[in-house]
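Everything numeric here is computed off the predicted structure, so don't read it as measured data. Just follow the structure's listing: the first ligand is 1, and inside any ligand the first atom is 1.
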Amino acid sequence: MDQAVAAPSRALDLGLAWKHSFSGLGPAFRTDLSPTPLAAPYMVSLNTKLSTQLGVDAQLLSSPDGVAALAGSLPLAGQRPLASVYSGHQFGVWAGQLGDGRAILLGDIETPQGPQELQFKGSGLTPYSRMGDGRAVLRSSIREYLCSEAMHGLGIPTTRALSVTGSPQPVRREEIETAAVVLRVAPSFIRFGHFEHFSAREQYGELRRLADYVIDQFYPECRLTERFAGNPYAALLERVSERTAAMVAQWQAAGFCHGVMNTDNMSILGLTIDYGPFQFLDAFVPNHVCNHSDEQGRYAFNRQPNVAYWNLFCLGQALLPLVGEQELALAALESYKTVFPRELQARMRAKLGLADQQDGDRELVEDILKLLAADRVDYPIFWRRLSHLAAGSPAEPVRDLFMDRAAADTWLHSWLARLPADRSAAGIAMLATNPKYVLRNHLCELAIRQAKLQDHSEVETLLRLVQAPYDEHPDQEAKAGFPPDWAAHIEISCSS
Ligand code: AMP
Ligand code: MG
């Protein structure tokens with residue numbers, strides 16, 4: 001018998017406490033496979049704030065082995081890489097099986113923030129790659145990296161990103177670009193589409209295992225409820241509806257347009273996930289469509305709340321074999337219709353500096369949104385200037401944003417009358433609610449152009465700004481200004 005033992009393959013030991021919870025669901029949920037190494041990987045950016053929060057050694061990650069590991073070119077000791085299978089509705093149409101076509105999950109680790117999964121995006125082919133190449137380009141990877149951190153900086157639930165690494169390896173899109181890998185971090189990357197997959201295939205054993213897993217790991221309260229006749233699956237649907245409602249309310253208040261709200265891009269934890277052609281609004285255009293590929297405008301900014309409900313309805317249908325009665329599923333979904341408007345009003349009141357709720361607040365919100373839309377006022381700048389007004393600055397900078405000064409004055413008059421007596425306290429609260437720095441498309445674009453020339457300093461600067469978006473950062477004033485004219489012509493599509 002051949003006694004030779006294969007030399008242990010080299011791996012980077014970060015001392016991580018792996019759990020591999022998702023892998024434990026069983027083989028029906030995944031294909032085990034390794035990332036495909038990228039040639040000559042280099043660091044674009046390491047999110048040291050996040051590495052500290054996770055208790056992962058940033059210095060080790062910055063070493064040549066660290067960079068190779070973050071690019072998927074050197075294994076992490078203890079990883080058990082896999083691609084998961086899911087399905088989904090894309091642009092309103094059942095798309096059948098999709099799956100992690102370019103994402104690879106390494107497992108979950110114990111962290112001071114609780115268990116967190118580590119997942120590569122762009123790390124090579126999987127059995128679910130379909131026509132794709134398993135890769136992600138530098139441009140879209142920088143966008144995902146920065147936007148996850150921007151959302152987190154705004155307090156919006158999101159997956160996070162630990163690093164972007166690049167490689168000279170060419171990747172073909174509309175033109176030849178280069179490859180990059182983002183290492184994403186979240187308690188779970190399970191999507192509505194995971195449930196749709198097993199439900200559509202009538203694999204109800206797997207469906208139940210998945211639901212039980214999600215409940216036990218993330219929604220244990222669903223087992224305790226007496227609502228829905230003690231049905232934990234209906235309770236799960238209700239909790240996911242609530243979290244999704246709260247997340248989308250935050251999107252709308254922040255002026256965030258996701259761009260591709262397919263059911264496979266909806267997190268079961270109510271996290272913003274899969275950053276593609278997203279955009280933070282510049283001018284307030286309610287029916288703005290940020291995804292150049294979305295010709296019907298299905299995912300227009302003002303349609304997001306309805307689309308989220310439509311997606312939850314798909315999840316409800318997928319869970320129906322477990323929930324049992326349609327009435328229970330419909331009752332669970334109802335929570336969206338109460339939580340979304342309540343959360344949106346609360347977010348908008350906070351933007352207006354109103355700590356309590358009074359009659360007429362809804363009109364105050366509706367009226368200002370109408371005025372902002374009529375004059376296509378810059379959304380972030382309006383709110384920031386309004387915050388300064390409350391804090392004691394003159395009204396002119398706010399009035400100057402409107403063509404219809406008389407209408408603006410009328411609204412400002414009612415708002416000022418409604419503000420609490422302690423205006424400066426309201427102003428301080430508003431300055432901590434209405435960000436000065438927003439990850440606008442053109443800022444990303446400029447950072448990407450430089451990164452393509454191997455200069456990553458703008459990525460670092462933007463990371464610093466979006467991680468503390470309410471701070472003044474006086475050295476970066478220009479990035480808080482109006483977008484240049486060319487920003488209106490940036491076209492971001494699904495190509496990534
Ligand atoms: P997305 O629109 O980015 O959410 O992707 C939808 C589906 O296509 C998912 O299953 C992705 O994994 C897959 N996909 C997107 N881009 C690629 C790619 N370049 N290679 C392989 N699969 C991809
Ligand atoms: Mg996706």
Side-chain angles (χ1 to χ4, degrees), residues 29-31 33 35-36 38 72 81-105 117 119-145 147-148 151 158-159 161 166-167 169-182 184 186 188-198 200 257-269 271-279 289-296 298-299 304 307-308 311 314-315 492-496:
F29 294 84
R30 57 165 220 264
T31 300
L33 82 178
T36 309
L38 268 180
L82 64 90
S84 77
V85 64
Y86 56 80
S87 294
H89 283 85
Q90 296 187 316
F91 292 90
V93 178
W94 177 244
Q97 180 180 306
L98 302 164
D100 293 327
R102 54 175 170 170
I104 292 184
L105 180 70
E117 289 187 339
Q119 189 194 60
F120 285 133
K121 181 166 177 178
S123 50
L125 288 171
T126 79
Y128 317 111
S129 299
R130 296 176 297 144
M131 307 298 282
D133 56 7
R135 291 299 181 193
V137 296
L138 180 64
R139 141 183 77 80
S140 64
S141 303
I142 289 175
R143 281 172 55 86
E144 166 135 20
Y145 175 76
C147 197
S148 339
M151 296 298 265
T158 177
T159 64
S167 158
Q169 206 162 301
V171 176
R172 181 182 291 276
R173 294 293 179 261
E174 281 77 8
E175 51 192 50
I176 302 291
E177 303 188 46
T178 58
V181 172
V182 178
R184 307 197 288 192
S188 172
F189 288 92
I190 294 177
R191 304 141 189 275
F192 291 8
H194 281 95
F195 289 87
E196 292 180 279
H197 181 76
F198 294 103
C257 206
H258 181 282
V260 203
M261 287 177 70
N262 294 333
T263 56
D264 54 304
N265 290 340
M266 298 292 293
S267 148
I268 202 69
L269 300 185
L271 307 172
T272 315
I273 190 171
D274 278 12
Y275 294 91
F278 70 83
Q279 187 181 359
V289 180
C290 64
N291 179 355
H292 202 64
S293 318
D294 181 7
E295 281 156 21
Q296 310 290 318
R298 177 179 174 84
Y299 299 137
Q304 296 188 125
V307 170
N311 289 342
C314 291
L315 178 65
I492 311 278
S493 70
C494 278
S495 152
S496 62

Exercise. Do H258 and Q304 have side-chain N/O donor and acceptor atoms under 3.5 Å apart?
Worked result: no

For this session: Any chance you could lay out the side-chain contact (heavy atoms from CB on, under 4.5 Å) test for Y275 and Y145, step after step, and finish with the verdict?
Result: CA-CA 9 Å; Y275 294 91; Y145 175 76; over 6 Å; no

Problem set entry | Donor-acceptor side-chain pairing of Y128 and T31 below 3.5 angstrom | yes

Exercise. Who's touching ligand 1 if we go heavy atoms under 4.0 Å?
Worked result: Y86, Q90, L98, G99, D100, G101, R102, S129, R130, G132, D133, G134, R135, R173, D264, N265, D274

Exercise. Has D274 got an N, O or S atom lying less than 2.8 Å from the Mg ion (ligand 2)?
Worked result: yes

Exercise. Does any N, O or S atom of N262, backbone or side chain, fall under 2.8 Å from the Mg ion (ligand 2)?
Worked result: no

Problem set entry | Identified side chain to side chain contact (heavy atoms under 4.5 Å, CB included) partner of F189 from the options L269, T159, D274, L271 | T159

When the side chains of residues 94-104 are checked against the rest of the protein, which donor-acceptor pairs come out under 3.5 Å, sequence neighbours left out?
| unit_1 | atom_1 | unit_2 | atom_2 | d |
| --- | --- | --- | --- | --- |
| Q97 | OE1 | R201 | NH2 | 2.9 |
| D100 | OD2 | S84 | N | 2.6 |
| D100 | OD2 | S84 | OG | 2.7 |
| R102 | NH1 | R135 | O | 3.1 |
| R102 | NH1 | S496 | O | 3.0 |
| R102 | NH2 | S496 | OG | 2.7 |

For this session: For R130, look at atom CZ and say whether over 12 heavy atoms of other residues, nucleotides or ligands are found less than 6.0 Å away.
Result: yes

Seminar exercise, completed: Between H197 and S87, the two heavy atoms sitting closest are ND1-OG, 2.6 Å

